[in-house]
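Worksheet: one structure, shown below.
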Amino acid sequence: MKPLMGAARILFSSDTAAPNSLDTLTALQSKHPSAPSTPLLPDPPSATLPCLQATEDAVMAAIMSFNNGSAGGLDGITPQHLKDLVVSAPSGLHASLLTSITRLVNLMLGGKVNSEVTSTLYGANLCALTKKDGSVRPIAIGSTFRRLASKICCRHILPSLESKFQPIQLGFGSKGGCEAAVHACRTYLQNSNNKIIIKLDVKNAFNSVDRNTMLSEVKKVAPNIYPYIWQCYSCPSNLLYQSHTILSSVGCQQGDPLGPAIFSLAIHPIISELTSKFNVWYLDDGTLGGDVNSILDDLDTIKSKFDAIGLKLNYNKCELYIDIDTDKKSEIIEKFEKVCPGIKILSKETLFLLGAPIFSEGIPDFIHQNVLNFNDYADRLLQIHSHMAIFILRSCLFVPKFTYTLRCSPFWKHQNFCESLDQVILNQIQKIINIKLDNRMFLHATLPIRHGGLGIRQISSVALPAFLSSVHSTLSLVGKILNPSFNDFEVTYLSEAINAWRMACPGEDPPSSKNCQKLWDEPICRSVYDYLLNSSPTAMEKARMLAAAQHESGYWLQAYPSQNLGNLLDNNTFRLAVGLRLGANLVEPHHCHCGVYVDRLGHHGLACLKSAGRLPRHACLNDIIRRALVSVNVPATLEPTGLTRDDGKRPDGMTLVPWQLGRPLVWDATCVDTLAPSHLGTTSLRAGAAATAAEAAKRRKYANIANSCVFAAFAVETLGPWGPEARKFFINMKNKLIRVTGDHRAGSFLGQRIGIAIQRGNAASIMGTLPGGSGLGDLHL
């Protein structure tokens with residue numbers, strides 16, 4: 001998912017690759033200042049100093065924690081190389097390789113790497129992006145082995161630094177630190193008589209902090225990682241930009257996962273001395289609140305002591321919010337402008353903390369601006385496959401993109417504005433899939449996949465559960481931030497949010513685990529699904545709703561839309577698949593080749609005896625099953641000779657080695673139409689009823705071979721549900737695939753391939769009813 005999110009950021013980003021020019025090189029060099037002529041560093045670690053040593057299990061866990069698609073450093077070795085080698089190498093070799101990697105990591109942790117290679121090993125590839133304001137954003141990618149060692153150090157020091165930093169520094173070791181800071185700031189302003197907040201910005205902080213200070217604090221607080229940190233930072237490292245080498249001589253090295261921890265250590269002694277009642281930092285972003293004199297005193301402390309460690313405030317990016325008596329306000333502003341010339345004055349509408357609006361007054365403009373921003377780039381989604389576009393929309397845009405702000409701020413209080421975002425979602429879905437959705441279809445589409453929707457959620461539906469789960473998950477940390485200033489407090493809007501949730505879910509009790517957003521969200525989703533199901537005007541609608549909500553019906557939507565993997569549906573196939581799931585009109589009225597009149601829904605093709613998709617889909621299903629068996633070292637053949645049922649027809653496949661109790665497995669697959677008139681009587685009452693009946697019929701037909709073989713009837717339906725025997729066989733295959741491949745996702749991949757095959761068969765069947773349409777263009781393995 002991370003690579004996809006990265007691709008979506010590129011697709012919707014206004015940042016562009018900076019030109020390879022002297023100006024770009026100069027801008028990058030200015031971001032990495034030169035070291036003093038006589039740099040001061042603490043003494044190197046003594047030979048007797050104990051150092052952290054990693055186990056093979058810890059190294060393996062760190063390797064697997066890398067995001068798929070992560071790039072490599074100067075040596076070109078990517079995390080994926082290590083993942084593939086330590087998991088997929090032949091038996092014995094992967095264990096030997098893991099042992100060797102562990103030795104290398106421990107050599108690094110001991111600070112014993114040959115000094116001839118440290119400048120490269122601890123260096124990085126450097127690229128540059130041009131930001132909106134024209135400035136340059138440097139992006140560094142460090143060595144995979146260096147990042148591996150730093151990850152292990154992070155895990156080791158995290159518990160101790162969490163207790164050391166909280167409740168002041170929330171940028172390292174504090175889960176939900178950003179959200180806690182926003183909730184605490186809002187509650188502080190709501191309950192304080194001194195409604196003054198100043199936000200501080202430090203200029204080029206990570207690249208400017210004094211290394212002597214960083215190393216000294218590491219030596220004092222985390223001595224067992226000091227040998228590693230000292231070797232990383234005692235000498236300059238190389239940052240390679242194009243053919244130019246830029247030395248990283250000051251500050252945290254870019255591309256180092258330990259950077260946030262050691263930067264926080266460097267400034268913590270200073271920010272811990274501040275006397276403001278509200279004192280919260282997220283790495284280099286500081287927020288102070290309290291009376292005028294304490295904040296001004298703290299500003300003097302910060303300016304003088306930060307200057308001593310190489311840091312300076314960026315006055316033009318500092319911001320001040322004051323909500324007090326009008327007569328005194330201008331006088332207070334004048335005092336702050338003397339200390340921070342160029343400081344920006346904020347109002348309730350413009351006060352944001354860490355990207356989230358503090359007050360309700362800031363939400364309307366925030367939503368309006370995001371609607372404008374999305375509309376500027378929305379057409380880019382129309383330039384890629386519709387399957388891929390919907391996948392990105394569901395996984396990366398709107399609710400996923402706004403999750404943080406939805407959790408931090410009371411968006412649920414502004415339903416009208418949230419619905420304007422929902423309207424943008426509706427318009428974009430309709431453009432991508434080329435289907436007109438009425439209100440009922442859109443409501444269905446915005447349900448989670450587990451409830452039969454497309455999983456593209458409405459902002460207005462998710463805002464309340466997101467806020468409630470955020471407040472409860474950060475309640476303890478918010479309490480630490482506000483105490484002892486407030487001995488008794490309630491997070492602002494919490495009671496109001498709980499009452500709003502009770503009104504939305506009458507008769508429901510709050511979940512037992514109040515930290516979980518899904519548990520707050522589930523009753524809302526269930527009530528929407530129940531409404532759609534119970535208000536279904538026809539048996540066909542009920543059958544469709546029941547079928548779509550089955551777990552296996554959503555497999556095809558969860559598949560990565562990759563052409564290389566064979567999971568990418570062409571635009572027309574995807575349109576038909578989505579339309580079937582939502583009950584939309586798919587074709588213009590016409591007559592099928594068999595002579596039957598086909599209405600706009602186009603469902604006739606799914607059950608037509610002359611359907612163009614039935615045989616290819618049947619072949620696809622059986623080939624997927626055979627390939628899965630071969631993958632678990634069970635050779636199998638299709639349509640085996642010498643094995644027939646009473647009417648002389650052969651089963652679809654058989655294993656060539658014993659499956660169970662010395663008997664081979666014989667299977668027969670079929671796909672029946674959920675919406676066929678002959679099935680609606682049962683499928684409108686019970687999901688999967690048609691597949692269950694088909695499996696029973698298969699078992700009766702193959703009763704004569706049941707004694708000599710293990711027979712499995714594998715029945716699925718056109719709208720997705722599987723029969724009970726198909727589920728049982730799938731679970732068995734999933735467990736075998738996981739054991740053989742070591743990949744816990746292997747079972748899901750199998751289910752996704754089956755789901756994709758069903759949808760391609762449906763599309764071919766529907767298109768096959770059209771005059772001159774075969775519909776077989778996208779039906780392939």
Side-chain angles (χ1 to χ4, degrees), residues 371 374-375 378 381-382 386-387 389-391 393-394 397-399 415-463 504 524-549 553-554 556-557 569 571-590 597-606 674-675 680 683-684 687 718-720 759 762-763 766:
V371 169
F374 179 79
N375 286 333
L381 282 175
L382 304 180
S386 57
H387 188 182
I390 288 292
F391 196 87
L393 202 63
R394 183 180 76 238
L397 300 178
F398 291 109
V399 168
Q415 285 295 305
N416 291 339
F417 291 102
C418 289
E419 287 169 3
S420 67
L421 270 175
D422 294 339
Q423 186 62 42
V424 175
I425 297 175
L426 170 60
N427 294 339
Q428 199 60 33
I429 292 175
Q430 291 181 133
K431 288 180 182 179
I432 292 171
I433 63 177
N434 193 21
I435 291 176
K436 179 68 175 177
L437 301 179
D438 60 25
N439 291 336
R440 184 181 178 87
M441 293 175 194
F442 179 56
L443 196 58
H444 187 190
T446 55
L447 283 173
I449 292 175
R450 67 181 182 274
H451 287 294
L454 300 183
I456 303 173
R457 304 301 309 283
Q458 293 187 81
I459 300 288
S460 55
S461 297
V462 177
I524 297 175
C525 296
R526 195 167 55 243
S527 66
V528 172
Y529 174 79
D530 290 343
Y531 160 74
L532 291 173
L533 178 64
N534 296 331
S535 63
S536 297
T538 64
M540 182 179 292
E541 274 289 288
K542 288 188 176 180
R544 181 182 61 78
M545 289 295 302
L546 288 170
S553 299
W556 68 277
L557 278 168
L569 299 176
N571 289 352
N572 191 51
T573 301
F574 186 74
R575 177 183 69 86
L576 294 170
V578 171
L580 279 174
R581 190 170 177 87
L582 302 181
N585 292 334
L586 303 177
V587 295
E588 288 301 310
H590 61 280
Y597 176 78
V598 182
D599 63 14
R600 285 185 169 84
L601 294 174
H603 295 166
H604 166 73
L606 301 176
T674 308
L675 305 178
L680 275 180
T683 56
S684 61
T718 52
L719 293 197
Q759 298 308 319
N762 290 345
I766 293 171

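All residue numbers in this chain count up from 1 along the given sequence. Please read these numbers as outputs of a predicted model, since none were measured by experiment.
- You'll find the side chain of I766 reaches within 4.5 Å of the side chain of L580, heavy atoms only.
- In this structure, E419 and N416 have side chains that are in contact, with non-hydrogen atoms separated by less than 4.5 Å.
- A parallel orientation is assigned to the rings of F574 and H387, their planes being inclined by less than 30° (bins at 30° and 60°).
- Pairing each heavy atom of A687 with each of A547, the nearest pair is CB-N, 4.4 Å.
- Note that the CG atom of L557 and the CD1 atom of I449 stand 5.0 Å from one another [nearest 0.5 Å].
- Shown here for S684 and A539, the closest heavy-atom pair between the two residues is CB-O, 3.4 Å.
- Evaluation of the side chain to side chain donor-acceptor pair (under 3.5 Å) rule for S535 yields R440 as partners, not counting sequence neighbours.
- A search for side chain to side chain donor-acceptor pair (under 3.5 Å) contacts involving N375 returns nothing, not counting sequence neighbours.
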From CA spacing to verdict: side-chain contact (heavy atoms from CB on, under 4.5 Å), L381, F374: CA-CA 11 Å; L381 282 175; F374 179 79; 4.3 Å; yes
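- Residues H590 and E588 share a closest heavy-atom pair of ND1-O, 2.8 Å.
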From CA spacing to verdict: side-chain contact (heavy atoms from CB on, under 4.5 Å), I456, F398: CA-CA 8 Å; I456 303 173; F398 291 109; 5.7 Å; no
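- Counted by atom type alone, H444 and R544 present one or more donor-acceptor pairs between their side chains at under 3.5 Å.
- Counting only distance, with no hydrogens or angles, the side chain of T446 and the backbone of Q458 share no donor-acceptor pair below 3.5 Å.
- Legend: residues meeting salt bridge (charged side-chain N to carboxylate O under 4.0 Å, His left out) with R575, ordered by chain and number and at least two apart, are absent.
- In this structure, the separation between CD1 on I433 and CG on L576 is 11.0 Å, given to the nearest 0.5 Å.
- Applying the side chain to side chain donor-acceptor pair (under 3.5 Å) criterion to T718, with sequence neighbours excluded, gives D673.
- By the 6.0 Å contact criterion, CG on N439 is open, its count of non-hydrogen atoms from other residues, nucleotides or ligands being 12 or less.
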side-chain contact (heavy atoms from CB on, under 4.5 Å), that's the test. Do L454 and R394 meet it? Break it down for me. CA-CA 8 Å; L454 300 183; R394 183 180 76 238; 5.8 Å; no
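- Taking both residues in full, the closest heavy atoms of A584 and I435 are given as CB-CG2, 3.5 Å, listed atom of the first, atom of the second, then distance.
- Under the rule for a salt bridge (charged side-chain N to carboxylate O under 4.0 Å, His left out), R581 has no partner lying at least two apart in sequence or in another chain.
- Taking CD1 of I390 as the reference point, atom CG of L397 lies at 10.5 Å (rounded to 0.5 Å).
- For the atom pair CG of N534 and NZ of K542, the computed distance is 7.0 Å after rounding to the nearest 0.5 Å.
- Residues meeting the side chain to side chain donor-acceptor pair (under 3.5 Å) test with S460, sequence neighbours left out: D422.
- For the pair Y529 (side chain) and M545 (backbone), a donor-acceptor distance under 3.5 Å is present.
- Looking only at side-chain heavy atoms (C-beta outward), V399 and I459 come within less than 4.5 Å of each other.
- Separation of atoms CE (M540) and OG1 (T683) is listed at 9.0 Å; rounding is to 0.5 Å.
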Yes or no on side-chain contact (heavy atoms from CB on, under 4.5 Å) for F442 and I429, after CA distance, side-chain angles and deciding distance? CA-CA 9 Å; F442 179 56; I429 292 175; 4.2 Å; yes
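- The main-chain N or O of D599 is never found under 3.5 Å from a side-chain atom of H604 such that the two would form a donor-acceptor pair.
- Between the CG atom in L680 and the OG1 atom in T674 there is a gap of 9.0 Å [rounded to 0.5 Å].
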